[in-house]
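Reviewing the structure listed below.
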2 protein chains.
Amino acid sequence: MGDNVLNTPPFYTTKDAETGSLSRRLFRSYDVMHVALRLVCLSASLASVVVMITAKEKSTMSLYGFDIPVYSKWSFSDSFDYLVGVSAAAGVHSLLQLLMTSRMLLRKSSIISSKKHAWLLFASDQVFAYAMMSCGSAASGVTNLNRTGIKHSSLPNFCKPLHSFCDRVAVSIAFAFFGCFLLAMSSVLDVVWLSAY
Amino acid sequence: MGDNVLNTPPFYTTKDAETGSLSRRLFRSYDVMHVALRLVCLSASLASVVVMITAKEKSTMSLYGFDIPVYSKWSFSDSFDYLVGVSAAAGVHSLLQLLMTSRMLLRKSSIISSKKHAWLLFASDQVFAYAMMSCGSAASGVTNLNRTGIKHSSLPNFCKPLHSFCDRVAVSIAFAFFGCFLLAMSSVLDVVWLSAY
């Protein structure tokens, strides 16, 4: 086959061409998956921040026979502050990655340029995934305590008078966990790239 | 050089032999690092469980002029139960991996047998690392609330009368976070393997 093949312009056989277009298509779907994950992650972190910072409620509760006014706002709890901070940071990370990725895609090059780049992406995705898991868990530990009351001494359930506040917090936490899951998936995609090249 | 080299028994040059022994040494140090991480992680999870389940204290505190007896035990809080459960599970995971790894090392084979095995290890390390981060954060959210008091209504600081209880919980949480870090490092080692082969 030597001469014939070497004289055809692209210097590869039909089979090679098929494999090439297949791997290009795989590349494309990999890139699209990456971009989709970033987009959904950006939305989830934004939703988590917005739902949390709009959570506040006024009510009264009775404690040992007294009617005590209670007012709850997200910024009263350190854990909720932490959730807002981390979710905002994860949102910024997703937005930056999305911008860089779109630039690469417009240039029609692969979104991961080198092994070093893939390691960097893996590290940052991991850090943000752990941070999101941490803030979601801290906030749900606190809100669970609010819901069940405190067993050290017999105190009442804060979520009865502050019903809508607790619901909002729960929704915000759910978005944070979803964001964590998406970041974990992104880091798995980075490992797929690392293991393939 | 052809004939001479092909006639020497091992069929490779001195340079190849050096590279071979270098990669064997790299393999060895990789395996040793893996085993060391597992050992320390096992100890950290055990320490976290033991310190937590021995945390209980009796005391009194004054609330609105009344002296109220307070008794605190780790099992009163869902988040502390969760920490004990997850740390115990991570300890069992580390122990099982350690046993499997030692068997491989005694047979003088590499501790990761195939790409599938490496992916499995990566997945399990990731799951336990996220779980440890989650339980540590949930517990620290709750213990932070105990320490700073609750801002919804003006309640006192639980950690003043229950000083030693709160300290024990903090130590247990620190061990859980350390365990999470070690599991994260283990999963990075798995990715190093995946990216190299």
Side-chain angles (χ1 to χ4, degrees), chain A residues 61 63-64 66 68-73 75-80 82-83 115 118-119 122-123 126-127 129-148 150-156 158 161-162 165 177 180-181 184 187-188 190-197, chain B residues 59 61 63-64 66 68-73 75-80 82-83 115 118-119 122-123 126-127 129-148 150-155 158 161-162 165 177 180-181 184 187-188 190-197:
Chain A
M61 67 189 295
L63 187 68
Y64 302 113
F66 301 101
I68 300 175
V70 277
Y71 171 60
S72 209
K73 205 181 159 185
S75 56
F76 286 177
S77 163
D78 290 345
S79 300
F80 298 162
Y82 178 46
L83 186 137
K115 225 160 179 172
W119 270 108
F122 172 69
Q126 282 275 291
V127 166
Y130 285 121
M132 286 290 259
M133 177 56 94
S134 163
C135 73
S137 304
S140 55
V142 171
T143 201
N144 182 44
L145 200 68
N146 279 347
R147 206 175 283 278
T148 55
I150 297 160
K151 295 177 198 160
H152 292 293
S153 55
S154 53
L155 287 177
F158 279 109
L162 300 170
F165 173 76
F177 279 129
C180 165
F181 172 74
S187 67
V188 169
D190 302 332
V191 180
V192 167
W193 197 97
L194 278 167
S195 76
Y197 295 90
Chain B
S59 185
M61 67 190 295
L63 187 68
Y64 302 113
F66 302 101
I68 300 176
V70 275
Y71 172 59
S72 211
K73 205 180 159 184
S75 55
F76 287 176
S77 163
D78 290 344
S79 301
F80 298 160
Y82 178 45
L83 186 137
K115 227 163 175 168
W119 270 107
F122 172 69
Q126 282 275 291
V127 166
Y130 284 122
M132 286 290 261
M133 177 55 94
S134 164
C135 73
S137 303
S140 56
V142 171
T143 201
N144 182 46
L145 201 68
N146 280 346
R147 206 175 284 276
T148 55
I150 297 161
K151 295 176 197 161
H152 293 292
S153 55
S154 53
L155 287 176
F158 278 109
L162 300 170
F165 173 77
F177 279 128
C180 165
F181 172 75
S187 67
V188 168
D190 302 333
V191 179
V192 168
W193 196 96
L194 278 167
S195 77
Y197 295 89

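Chain A is the first sequence line, chain B the second, and so forth, proteins listed ahead of strands; every chain is numbered from 1.
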Quick one: side chain to side chain donor-acceptor pair (under 3.5 Å) partners of B:Ser140, sequence neighbours excluded?
-> none
Is chain A contacted by the side chain of B:Ala129, its backbone, both, or neither, given a heavy-atom distance below 4.5 Å?
-> both
Using non-hydrogen atoms only, which part of B:Trp193 is less than 4.5 Å away from chain A: side chain, backbone, both, or neither?
->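 No part of it gets close to chain A.
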Which atoms of [X] approach chain B - backbone, side chain, both or neither, heavy atom under 4.5 Å:
{"X": "A:Ala123", "answer": "neither"}
{"X": "A:Ala184", "answer": "both"}
{"X": "A:Val127", "answer": "neither"}

Distance, nearest 0.5 Å, that separates OH of B:Tyr130 from CZ of A:Phe181 | 10.5 Å
Step by step, would you call B:Ser137 with A:Tyr82 a side-chain contact (heavy atoms from CB on, under 4.5 Å)?
-> CA-CA 11 Å; B:Ser137 303; A:Tyr82 178 46; 5.5 Å; no
Top contributor to chain A contacts, counting heavy-atom pairs under 4.5 Å, from B:Ser134, B:Gly136, B:Cys180 = B:Ser134
Minimum heavy-atom distance B:Trp119-A:Val191, with the two atoms named =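 Answer, listing the atom of B:Trp119 first, then A:Val191: CH2-CG1, 3.6 Å.
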Scanning both residues in full, the closest heavy-atom pair of A:Ser195 with B:Lys115 reads O-NZ, 2.8 Å
